[in-house]
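Computed from a predicted model, the values in this text were never measured in an experiment.
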Amino acid sequence: VILNGSFHPSMYALARLLFKNRIPYVVAPHMAYHPDLFRQRPILKRLYWRGLERRLLVRACAIQLLNAEHGAFLHALGVDNSTLVVANGCFARQAGRDAKKPRVHGSQVRLFFFGRIDSYPKALDVLISAVAALVPHRNVTLTLQGPDQGSRQLLVRKAAELSITDRVTFLEPDYTSSPVAL
């Protein structure tokens, strides 16, 4: 069983049930347990970590990481389980022969974000600010595609405040197409 997510009571409850019934599980937290993670609401996060999250990870038969370096953060927190590294996204070989060649459309720069529209963990507000900073120098557009996790309107307002609503597009998720096709 693969458990996807982190810092959620339902994850711990399911892991506890699996462990009790001797069913092995892998945890795929989809994030790094970087020290910065514990800076927002630090007391609550530390209590949850010590009481539940660490136990969930230690009992797992493996932990799926997005990057090999993320293992060092776990090690610093006392979690030394086996890890698997499976990156999110797509690779050049999946896109075909032309993937390594830059696709230039005049001076236009087109940026794409595929994932949860969740401003805090994804820093999408920072991305929109970066696009606004590029606008005087480049013909740049940004497309964000994915399920809204409650941040879409905040990001729409941010683009409006920065006068770049014509440069930022939001699309609903497309679960039928591959990232390469999108």
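Within the 4.5 Å cutoff, side-chain heavy atoms of V79 are placed close to those of R54. A 4.5 Å side-chain heavy-atom check between Y25 and C61 finds every atom pair outside the cut-off. Taking 4.5 Å as the limit, some side-chain heavy atom of L56 sits within range of a side-chain heavy atom of M11. Between V109 and N139, the closest side-chain pair of non-hydrogen atoms is not below 4.5 Å.
Sparse packing is recorded around NE2 of H75, with 12 or fewer heavy atoms of other residues, nucleotides or ligands lying under 6.0 Å away. Heavy atoms of other residues, nucleotides or ligands lying less than 6.0 angstrom from CD1 of I2 number 12 at most.
Contact detail for P147 and P173: the closest heavy-atom pair is N-CG, 3.8 Å.
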Compile the donor-acceptor pairs under 3.5 Å between side chains in residues 153-170 and protein atoms, sequence neighbours left out, one pair per line.
residue	atom	partner	partner atom	Å
K158	NZ	S129	OG	3.3
R167	NH1	V140	O	3.2

List the atom pairs, donor and acceptor, that lie under 3.5 Å between side-chain atoms in residues 12-20 and the rest of the protein, sequence neighbours left out.
residue	atom	partner	partner atom	Å
Y12	OH	R55	NH1	3.0

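T83 and N81 are not linked by any side-chain donor-acceptor pair at a separation below 3.5 angstrom, with hydrogens and angles left out of the test.
In this structure, D174 contributes its side chain and T176 its backbone to a donor-acceptor pair below 3.5 Å. Panel note: side chain R46, backbone R41; no donor-acceptor pair is recorded below 3.5 Å.
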Original post:
Do N4 and H30 pass the side-chain contact (heavy atoms from CB on, under 4.5 Å) test, and can you show the C-alpha distance, the side-chain angles, and the key distance before you say yes or no?
Top reply: CA-CA 7 Å; N4 289 282; H30 299 280; 2.7 Å; yes
Original post:
For L74 and I63, what are the C-alpha separation, side-chain angles and deciding distance, and is it a side-chain contact (heavy atoms from CB on, under 4.5 Å)?
Top reply: CA-CA 10 Å; L74 285 171; I63 302 169; 3.9 Å; yes
Subject >> Working for side-chain contact (heavy atoms from CB on, under 4.5 Å), residues L124 and L144 >> reply: CA-CA 9 Å; L124 298 177; L144 299 104; 4.0 Å; yes
Original post:
Could you walk me through whether V86 and Q64 pass the side-chain contact (heavy atoms from CB on, under 4.5 Å) check?
Top reply: CA-CA 7 Å; V86 181; Q64 178 183 324; 3.6 Å; yes
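The distance from atom CG of L77 to atom CH2 of W49, rounded to the nearest 0.5 Å, is 4.5 Å. Within the model, atoms OG of S151 and CD of Q149 stand 8.0 Å from one another, a figure rounded to the nearest 0.5 Å.
Hydrophobic clustering places L52 together with L3 (ILVMFWY residues linked when any side-chain heavy atoms are closer than 4.5 Å, directly or through intermediates). V58 and L65 fall within a single hydrophobic cluster, where Ile, Leu, Val, Met, Phe, Trp and Tyr side chains are chained together by heavy-atom contacts under 4.5 Å. V126 and L37 are members of different hydrophobic clusters when ILVMFWY side chains are connected at heavy-atom separations under 4.5 Å. Transitive grouping of hydrophobic side chains (ILVMFWY, heavy atoms separated by less than 4.5 Å) brings L57 and V1 into a common cluster.
With sequence neighbours excluded, the residues forming a side chain to side chain contact (heavy atoms under 4.5 Å, CB included) with I43 are L47, listed by chain and number. Remark: S82 engages no residue in a side chain to side chain donor-acceptor pair (under 3.5 Å) (not counting sequence neighbours). Legend: residues meeting side chain to side chain contact (heavy atoms under 4.5 Å, CB included) with S6, ordered by chain and number and at least two apart, are P29, M31, Y33, E53.
Residue pairs meeting the salt bridge (Lys or Arg N to Asp or Glu O under 4.0 Å) criterion with at least one partner in residues 141-156, sequence neighbours excluded, are R152-E172.
Between F7 and Y48, the two ring planes are tilted [angle within 30° to 60°].
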